[in-house]
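The structure under discussion appears below in the form of structure tokens.
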Amino acid sequence: MLRIFAAPKRALEVEAMRLAHPSATVLATDKAMNSFSSARPVQGHRAWNRGVGPLSWSPAMTELAHPDRLAKARAMRARGEDPFPPRGVKAESIAELLAGAGTLEAPGPRFGTKATIAGRLHAQRDFGKLIFAPVQDLTGKLQIGLKRDALEAWWPNRKELDAGDLVGVTGELGRTQKGEVTLWVSEIQLLSKAYAPPPEKWHGLVDVEARYRRRYVDLWASEGVLDVFKKRSKIVSLVRRFLEAQGYLEVETPVLHPIAGGATARPFITHHNALDCDFYLRIAPELYLKRCIVGGLERVFEIARNFRNEGISTRHNPEFSMLELYEAQADYRRMMEIGETLLEHLAREINGTTVVTFRGKEYDLKAPFKRERYTELFRRHAGCEFDDEPAVRKKATELGLKDPGNYWKLMNDVFEATVEDHLTGPLFVVDYPVQISPLAKQSPEDPRLTERFELFIAGMELGNAFSELNDPEEQERRFREQVASKDPEAPGEVDIDYVQALEYGMPPTAGFGIGIDRLVMVLTNQDSIRDVLLFPALRPLAKEPEAPKAP
RNA sequence: GGGCGCGUAGCUCAGUCGGUAGAGCAACUGGCUUUUAACCAGUAGGUCCCAGGUUCGAUCCCUGGCGCGCUCACCA
């Protein structure tokens, strides 16, 4: 923070900071000095010893930077060495080296050979003339061993190396007396100085807020975090290959929508200056993807970031990723088949088994999944028919549900309150009432219902699919009904362009939307959506308050 | 937005039945050539989240605020 520039411990350190970061000089001028000197006593050492640091707002070159580390960089520069050299080193992956090292009993092909690795240095264990320290790259951790007799020229500078520094090391792959694979270093170079010290070595980052705000630290400082995001990347890649193998084209449709349709949710609003009009950030890509079907693309999918202006929870982030796919000549039964085979495939590829553990329970994602009718579940758990309005209203009152002002919404609230907890799954709940499914085609057997299903695992809704309504007249009627409902989550106007697209003719089509974040949660056993998002939505940090005025 | 909980050293946490605070790790100094939470000795480090109130005195009690977590609501 500003005061560290105004309250240096030693002149040397200020010098080190200036050398290390020229902008420090700027920060130490007028404004900083004034705000500092107005009321607060000199803080002495406090600000210098930050670890991962407080989560306060502060300008660049913050109190995270440690003066000793800055001084070490300065010492290097004084010798003509660069603490931030322009090039990296050509390194081998640690995972491959570990695999090649073999075991103590059966040394692998790489045992005893020369190797170079690059990565982040962790806490050193210093024995005076011997130092051990793990180095971590994307693929794993490998211990390096530094011996004085092998590094005579470098040895006097060894204290310039800190935990968190990025290094490149070359040495011979071997083992210690305890048998641990170790790279016995013959050459070491600093690739980037870490001015900010890493979190405490044993606990790592445990403050959840710090973990989310400083994910760039969490990724290498917390066990298992990197693995979740590697798996997430693999899941998305597998989804693409799975669909492409079935003739699907990946497309990109607009994020800026003139009308927020395709789902019921409150949108974010933004403004386009040149056109001088407002746009909504999309709440679903659905209506554009179906326009693609009208255009003859036949099988399309998009991994779409959607934005919904609603609360944040362990299952909700205001921006989230949804896979949506649409297939011409298919109906919702085909979507169930795609859903269950895709999930089984992902589980096998990611975890090597179809059984996943999530929130302490096991779920078998082996296809086929169970199917149960919405209406039957409703009857079984709510104790009445879904369209028996007096009975449903009575049940809602019993449950203490407040009336949303619309019977069908109320009915669905009763369903969620009574049924959803029982949906351990994996399960397809099929044939939803038409009134809560404005984009789905009516069932040929029962006009009160639609050919629609939702996929549930662990009581959590993972996906939503239906045979798409392609009758423009009926679609327009349902849109007008939505608009007339004045529901704040319904679109404010009818999407005439979409109705017109249907007037040109959309083939019989089925579509499926799957929440990617929730899917990753289930496949990687993470309880919170925040743990599968690299940078989950958080309230922005407050700006530093003004220093109190002197009396 | 409602309810519950939390905020003390850089990190993880004690503690003060109201008299301005401690440990381990991290940092710094010294020692140590096979450790892996290395070890041993020493040093330094705190506006006890912020603002009011009660009080001789508040980190502690009260009120308000800020931040975060859990939960409810809504959705995928």
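Because the structure is a prediction, the values reported are computed rather than measured. Values reported hereafter were calculated over all heavy atoms of this structure, with side chains retained and with hydrogens, waters and symmetry mates removed. Just so we're on the same page: letters track the sequence lines, and every chain starts at 1.
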Short N-O contact, [X] and [Y], less than 4.0 angstrom:
X        : Y        : result
A/Lys72  : A/Asp162 : yes
A/Arg175 : A/Glu180 : no
A/Arg266 : A/Glu310 : no

Are [X] and [Y] close enough that their ring centres sit under 6.0 Å apart?
X        : Y        : value
A/Phe466 : A/Tyr332 : no
A/Phe415 : A/Tyr374 : yes
A/Phe456 : A/Phe369 : no

When the [atom1] atoms of [M] and [N] are compared, how many Å lie between them, rounded to an integer?
N      : M      : atom1 : value
B/rA38 : B/rC4  : P     : 43 Å
B/rC25 : B/rC39 : C1'   : 14 Å
B/rC13 : B/rG19 : C1'   : 24 Å
B/rG22 : B/rG46 : C1'   : 11 Å
B/rA23 : B/rA14 : C1'   : 7 Å
B/rU55 : B/rC48 : P     : 23 Å
B/rG5  : B/rA44 : C1'   : 35 Å

Taking a pair as Watson-Crick or G-U wobble with both distances under 3.5 Å, which nucleotide is matched to [N]?
N      : result
B/rG64 : B/rC50
B/rU55 : none
B/rG18 : none
B/rG42 : B/rC28

To the nearest Å, how far apart are [X] [atom1] and [N] [atom2]?
X        : N      : atom1 : atom2 : result
A/His316 : B/rU71 : NE2   : C1'   : 13 Å
A/Arg315 : B/rC70 : CZ    : C1'   : 11 Å
A/Leu130 : B/rU36 : CG    : C1'   : 12 Å
A/Asp165 : B/rA27 : CG    : P     : 12 Å
A/Leu70  : B/rG10 : CG    : C1'   : 15 Å
A/Ile457 : B/rA76 : CD1   : P     : 16 Å
A/Asp126 : B/rU35 : CG    : P     : 14 Å
A/Asp527 : B/rC70 : CG    : C1'   : 12 Å

Choose from [options] the nucleotide whose nearest atom is closest to any side-chain atom of [X].
X        : options                : result
A/Lys409 : B/rA27, B/rC75, B/rC32 : B/rC75
A/Arg125 : B/rU36, B/rU71, B/rA76 : B/rU36
A/Met322 : B/rC75, B/rA76, B/rU36 : B/rA76
A/Gln177 : B/rU34, B/rU33, B/rU71 : B/rU34
A/Ala263 : B/rC72, B/rU34, B/rA76 : B/rA76
A/Ser313 : B/rU36, B/rA73, B/rC32 : B/rA73
A/Glu461 : B/rC74, B/rA76, B/rU35 : B/rA76
A/Phe127 : B/rC75, B/rC32, B/rU36 : B/rC32
A/Ile529 : B/rA76, B/rC74, B/rU35 : B/rA76
A/Arg530 : B/rU36, B/rC70, B/rG67 : B/rC70

* Along RNA chain B (nearest heavy atom to each residue), the more 5'-positioned of A/Gly128 and A/Gln124 ->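 In this pair, the answer is A/Gly128.
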
* Asked: Which residue lies toward the 5' end of RNA chain B, A/Lys178 or A/Asn317, if each is placed at its nearest nucleotide?
  ->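 The residue whose closest nucleotide sits nearer the 5' end is A/Lys178.
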
* With A/Glu461 via salt bridge (Lys or Arg N to Asp or Glu O under 4.0 Å) - residues at least two apart ->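 Residues passing salt bridge (Lys or Arg N to Asp or Glu O under 4.0 Å) with A/Glu461: none at all.
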
* Asked: Who are the salt bridge (Lys or Arg N to Asp or Glu O under 4.0 Å) partners of A/Arg232, not counting sequence neighbours?
  ->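 For A/Arg232 the salt bridge (Lys or Arg N to Asp or Glu O under 4.0 Å) partners, ignoring immediate neighbours, are A/Asp517.
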
* B/S/- contact track for nucleotides 1-8 of chain B, protein heavy atom under 4.0 Å -> --------

* Per-pair stack call A/Phe132 and B/rA38, 5.5 Å, 30° ->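 It does not: the ring fails the test against the base of B/rA38.
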
Taking N or O atoms only and anything under 3.5 Å, show me the protein contacts with nucleotides 12-14 of chain B, one pair per line.
residue, atom, partner, partner atom, Å
B/rU12, OP1, A/Asp207, N, 3.3
B/rU12, O2', A/His203, NE2, 3.3

* Face-on cation placement of A/Arg452 at A/Tyr432 ring, 6.0 Å and 45° thresholds ->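 Yes; both conditions hold, so A/Arg452 lies above the ring face of A/Tyr432.
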
* Asked: Below 3.5 Å, does any donor atom in the side chain of A/Arg518 face an acceptor in the base of B/rC75, or the other way round?
  ->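 Such a pair is found, so the answer is yes.
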
* Does the side chain of A/Tyr212 pick up a donor-acceptor pair with the side chain of A/Asp218 at under 3.5 Å? ->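 Their side chains do not contain a donor-acceptor pair, so the 3.5 Å distance test is not met.
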
* Could you give all pairs that pass the salt bridge (charged side-chain N to carboxylate O under 4.0 Å, His left out) test and reach residues 312-326 of chain A, with sequence neighbours left out? ->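 Applying salt bridge (charged side-chain N to carboxylate O under 4.0 Å, His left out) to every pair that reaches into residues 312-326 of chain A, excluding sequence neighbours, yields A/Arg305-A/Glu319.
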
* Do A/Arg215 side-chain atoms and A/Leu534 backbone N/O form a donor-acceptor pair below 3.5 Å? ->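 Answer holds: yes.
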
* Should the heavy atoms of other residues, nucleotides or ligands under 6.0 Å from OH of A/Tyr363 be counted, would the total exceed 12? ->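 Yes - once you tally the heavy atoms of other residues, nucleotides and ligands closer than 6.0 Å, there are more than 12.
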
* Option from A/Tyr326, A/Phe301, A/Phe453 for which ring-ring contact (aromatic ring centres under 6.0 Å, His included) with A/Phe512 holds ->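 Among A/Tyr326, A/Phe301, A/Phe453, the one meeting ring-ring contact (aromatic ring centres under 6.0 Å, His included) with A/Phe512 is A/Phe453.
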
* To do: Give a yes/no on whether any side-chain N or O of A/Arg175 is located under 4.0 angstrom from OP1 or OP2 of B/rU34.
  =>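 No.
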
* For RNA chain B, determine which residues of residues 142-151 of chain A have any heavy atom closer than 4.0 angstrom to one of its atoms, and list them numerically. =>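 Residues of residues 142-151 of chain A under 4.0 Å from RNA chain B: A/Gln143, A/Lys147, A/Asp149.
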
* Is the A/His422 ring parallel, tilted or perpendicular to the A/His381 ring (thresholds 30°, 60°)? ->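 Rings of A/His422 and A/His381: parallel, as their planes differ by under 30°.
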
* Check every strand shown and say whether A/Ile514 touches a base, only sugar-phosphate, or nothing at a heavy-atom separation below 4.0 Å. =>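 Nothing: the residue A/Ile514, judged by heavy atoms under 4.0 Å, touches no strand.
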
